[in-house]
Amino acid sequence: MLEERYDAEKIEKKWQEHWEDQKIFAVNEDAGQPKFYCLEMFPYPSGRIHMGHVRNYVIGDVITRYKKMKGFNVLHPMGWDAFGMPAENAAIKNKVHPSKWTFVNIEYMKGQLKKIGLVYDWDREVTTCKPDYYRWNQWFFIKMYERGLAYKKRSFVNWCPECETVLANEQVIDDGCWRCDTVVEQKELDQWFYRITDYAEELLKDADTLDGWPEKVVTMQRNWIGRSEGVEVDFDIEGTDKKIKIFTTRQDTLFGATFMSIAKIHPLVAELVQDQDVLKRIEALSDDPEEKEGVDTGFHAINPLTGESIPVYAANFVLMEYGTGAVMAVPAHDQRDFEFAKKYDIPIRVVVLPKDVKIVKAEDMECANEEYGILVNSGEYSGLSSNDAKEKIADYIENKNLGKRVVNYKLRDWGISRQRYWGTPIPMIYCESCGIVSVPEEQLPVELPMDAVLTGTGSSPLAGMDDFVKTKCPKCGGEAKRETDTMDTFVDSSWYFLRYCSPKSDDKPLDTAAVDHWMPVDQYIGGIEHAVLHLLYSRFFTKVIRDIGLISTDEPFKRLLTQGMVIKDGMKMSKSKGNVVDPDFLINKYGTDTVRIFCLFAAPPERDLEWSDKGVDGAYRFLKRIWAFAYNNKNLLNKEGNGDKDHSELSDHDSQLLRKTHQSIKKVTNSIERDYHFNTAIAALMELINEAYAFRQAGDLDPDVLRFCIKQAILLISPFAPHVAEELWRAIGEVGSVFNEKWPVWDEDIAKEDEIQLVVQINGKVRAKLMVPAGLDDETLKEKAFAEQKIREQINGKPPRKVIVVKGRLVNIVV
RNA sequence: GCCGAAGUGGCGGAACGGUAGACGCGCUAGGUUCAGGAUCUAGUGUCCAUUAGGGUGUGGGGGUUCGAAUCCCCCCUUCGGCACCA
């Protein structure tokens, strides 16, 4: 029995329990249906769900429900990215253990997710801070160590003084920490790295296959990998037997090199420069990127092509980390070198003339000319194009053993050591006699001790725990020490989507058959902020795990949807700005169906969503309107019959509503299929309900048609407002869950209008609109257009030069 | 600086070369209601016009086309990403 009042709280609780008890959304790998893996980026259990989560997860939930009704076997799991700094900070502040804090948060947030009406297969829940998950982080680490993909090295790394830990390059945003914005420092430390650069080429090449991803994200990844082809060339250093190796992509400008620049921390500086005064001045070079500065080292290099002797400068803009840490400087054709040469009065020599430029005098130049062109002043290469010269000069260099062709990447190896407690212990042991030894597989997991003391005063908390640190060497049995750093939490999230496929596997990290069945993720949904971070690491991990032989997937995410931010008063919602909207409050006030409808209706998913309290009222009103329509017609609705009457037997009034219903099925379906544009899908539903009201008011309706209309409307709204749909579904006398139903299909014949509005234009301007029967041929449409009184007046006897007819829509008369 | 996206009523947004502004919010008027709220109905880009109707209009300027919010070129603004990568 349908109640008059729409009581969201009551029906939502009822159906949420029903779906869970009846396991409506449980998956069955042998169902004989096509699979669909729908996944949203799992949350960090920070304490409460925020509107950004709601938006993200509602999108995934709608897709899950829709795809299920379309006949797919949909895997839709959820879990917790549960290791991380906030747990430690909370522990220090509130004197709770990070574990306690985390699990309390998970419990609360899980309740919130359920109240939103999200349907997950909770049997597959993954929690990364549990030993049954992180042991496999350790297992992968060891496998990677064995394959040379995990290694330790001392180097300058990004250090966040606020978080008191190291950050990978990807985790530094505008010189600041990705988490707290604190300006990062460079610190020299021994750190573990994953050799992601070994996969640079494949990550770049396979980026071309990601056609289900936003182009923007793919471009960001390509740029981050930053491949460039060039040559390494050795320059002899005059008066010594040493050489400087440089990297250039512009070997066509070799004849224009008038000096050399090397990084101030380049090893040759310390090796060759004797003068303490010069060394001091090099050391004192500023790091300000705006001002180019250098110091003449006093020694000279020999250009291997010209035999010319050129001065070598230590320069502040040369990076030791990229290429070879030394560059040949061609001021005429490189803006940085140009500025440098001007400042220190070094000769500028033009060796490339771009197209359409005749002669350039070096002294007239105001900036470098970096374009390709025809070589001049370049010996036997003069007259060649830059492209030809690049090949010929590279050949010469290789033939004469002066250097070789190389490919360089901007991508750096992924530093994964973190000097923190709440993460996966790195499973390595340091033995005085055996050196670095990995923990044997059967001893995993290396469990995180629960009794660590967190003071927040620097250095790895594990380092102070003798019980943890002291161990035996697995090789020789002697006294040894454990590694005390933990792993970057981005390691945890780099393979959780694989774990969902076989979450209970306990003898190996993944069940190959299960993973191969479900992977790749068919639709992944999350924020754009992970464009390079998580999404690049996950691609890397997938390829490594494939190479280990556990899975056969090359790419983890087939389609990616990056949803926009939730904005209020023109700013991103955040606690610090005080403009947050609390999902709990809204759900209590309106019910989750209203919140869901608003989030989906206010903007297409990829765009930012401007929050509007009034807009939420509108969504609520819409649901009440559907409810009231069903209630007001409840006597008619419970009649037998499926409403699919022969079109020709119906009155005009009835057949128009039937047509509108079929048109709505088409429009809602197409809106979802076209990049999940739920906003226009919901708009189409609102239109249908508005029309239904109008038809109902205008006269009696055939009960079968009315029932058909409302039944389709319920099916169409069910992914968006599932609780209202389920309640109304039962109220109209249907049996079983609406989510076990097939998604409706429209009949093109019924949807077709039998009368169309013909627009008549004169010179492209609308001059008349007339109703004509559908399906008329072009000639008849023309006749109708010319027969129109207004058109005759406008043409005024002038002969038409041309008449364009757009089938079934428009006639444009050109006079 | 380089790369990319976006710019449409008072607001959120529709319109994948063919009637610009669907749908929603807001606003106006009316019905219902003791009143408020809720709800239903109608109207709502802008200018001129009593009406009929007409002009104009998608950041600005050009172009292609019978026809441009949509395609091309230049410029402006906003937002993102990268930024001495040799």
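Each chain gets a letter, A, B and so on, in the order the sequences are listed, and its residues count up from 1.
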**Asked** Has A/Lys634 got its NZ or CZ under 6.0 Å from the middle of the six-membered ring of A/Tyr631, at an angle within 45 degrees of the ring axis?
**Response** yes
**Asked** What residues, two or more places apart in sequence or in another chain, satisfy side-chain contact (heavy atoms from CB on, under 4.5 Å) together with A/Ala8?
**Response** A/Tyr6, A/Glu12
**Request:** Evaluate whether atom CG of A/Asn690 has more than 12 neighbouring non-hydrogen atoms of other residues, nucleotides or ligands under 6.0 angstrom away.
**Result:** yes
**Message:** So, using ring pair (Phe, Tyr, Trp, His ring centres under 6.0 Å) as the criterion, who are the partners of A/Phe247 when residues are at least two apart?
**Reply:** none
**Prompt:** At under 4.0 Å between heavy atoms, what does A/Arg767 touch on the DNA or RNA strands: base, sugar-phosphate, or nothing?
**Reply:** sugar-phosphate
**Message:** For a quick check of understanding: with a heavy-atom distance under 4.0 Å over all strands, which category does A/Val318 fall into, base, sugar-phosphate or nothing?
**Reply:** base
Going by atom type alone, with no hydrogens or angles, which donor-acceptor pairs under 3.5 Å involve a side-chain atom of residues 599-609 of chain A and a protein atom two or more places apart or on another chain?
{"unit_1": "A/Glu606", "atom_1": "OE2", "unit_2": "A/His677", "atom_2": "NE2", "d": "3.3"}
{"unit_1": "A/Asp608", "atom_1": "OD1", "unit_2": "A/Met565", "atom_2": "N", "d": "2.8"}

**Item:** Side-chain (A/His653) to main-chain (A/Leu701) donor-acceptor, under 3.5 angstrom
**Value:** no
**Complete:** Expected label for B/G9 (glycosidic angle, syn inside 90° of 0, else anti) would be syn
**Prompt:** Contacts to RNA chain B from residues 775-784 of chain A, heavy-atom cutoff under 4.0 Å, which residues?
**Reply:** none
**Prompt:** Can you tell me how far C1' of B/A86 sits from CD of A/Glu321, to the nearest Å?
**Reply:** 13 Å
**Request:** Ignoring backbone atoms, establish whether A/Lys765 has a side-chain N or O less than 4.0 Å from OP1 or OP2 of B/U56.
**Result:** yes
**Asked** Whole-Å distance between B/C79 C1' and A/Met565 CE?
**Response** 9 Å
**Asked** Listed by chain and number, what are the ring pair (Phe, Tyr, Trp, His ring centres under 6.0 Å) partners of A/Phe678, not counting sequence neighbours?
**Response** A/Tyr676, A/Phe720
**Side-chain donor-acceptor contact under 3.5 Å, A/Gln656 with A/Glu691** = no
**Prompt:** Where each residue is assigned the nucleotide of RNA chain B containing its nearest heavy atom, which of A/Ala326 and A/Trp224 is assigned the position nearer the 5′ end?
**Reply:** A/Trp224
**Request:** Return the set of residues passing side-chain contact (heavy atoms from CB on, under 4.5 Å) with A/Ser612 (not counting sequence neighbours), or none when no residue passes.
**Result:** A/Phe598, A/Lys614
**Message:** What's A/Ser261 touching, base or sugar-phosphate or nothing? Going by heavy atoms closer than 4.0 Å.
**Reply:** nothing
**Fill in**
Pairs under 3.5 Å (Watson-Crick or G-U), crossing ones as [ ], inter-strand ones as |: RNA chain B comes out as (((((((..(((.....[....)))((((((.......))))))((((....))))..(((((..]....))))))))))))....
**A/Lys410 NZ to B/C85 P, straight-line distance once rounded to whole Å** = 8 Å
**Message:** What's A/Ser612 touching, base or sugar-phosphate or nothing? Going by heavy atoms closer than 4.0 Å.
**Reply:** nothing
**Request:** Indicate, with a heavy-atom threshold strictly under 4.0 Å, whether A/Val327 touches base, sugar-phosphate, or nothing.
**Result:** base
**Asked** Ring centroid separation for A/Tyr344 and A/Phe259, is it under 6.0 angstrom?
**Response** no
**Fill in**
Residue pairs passing the side chain to side chain donor-acceptor pair (under 3.5 Å) test with at least one member in residues 755-764 of chain A, sequence neighbours excluded, are none
**Request:** Kindly check if the number of other-residue, nucleotide or ligand heavy atoms within 6.0 Å of CZ (A/Arg792) is above 12?
**Result:** yes
**Request:** Rounded to the nearest angstrom, tell me the gap between atom CZ in A/Phe340 and atom C1' in B/A86.
**Result:** 14 Å
**Item:** Sugar-phosphate only, base, or nothing, as touched by A/Lys216 at under 4.0 Å among non-hydrogen atoms
**Value:** sugar-phosphate
**Message:** My understanding is that only residues two or more places apart in sequence, or in another chain, count here; which of them pass side-chain contact (heavy atoms from CB on, under 4.5 Å) with A/Glu779?
**Reply:** A/Asp777, A/Lys782
**Request:** Report, as a single string ordered 5' to 3', how protein heavy atoms within less than 4.0 Å touch nucleotides 12-24 of chain B: B base, S sugar-phosphate only, - not at all.
**Result:** BSSSB-BB--BBS
**Prompt:** In chain order, what residues pass the side-chain contact (heavy atoms from CB on, under 4.5 Å) check against A/Tyr693, with sequence neighbours excluded?
**Reply:** A/Arg625, A/Ala628, A/Phe629, A/Ile689
For nucleotides 62-65 of chain B, which of its nitrogen or oxygen atoms have a protein nitrogen or oxygen under 3.5 Å away, and what is each distance?
none

**Request:** Could you tell me the separation between the CD1 atom of A/Ile567 and the P atom of B/A6, rounded to a whole number of Å?
**Result:** 17 Å
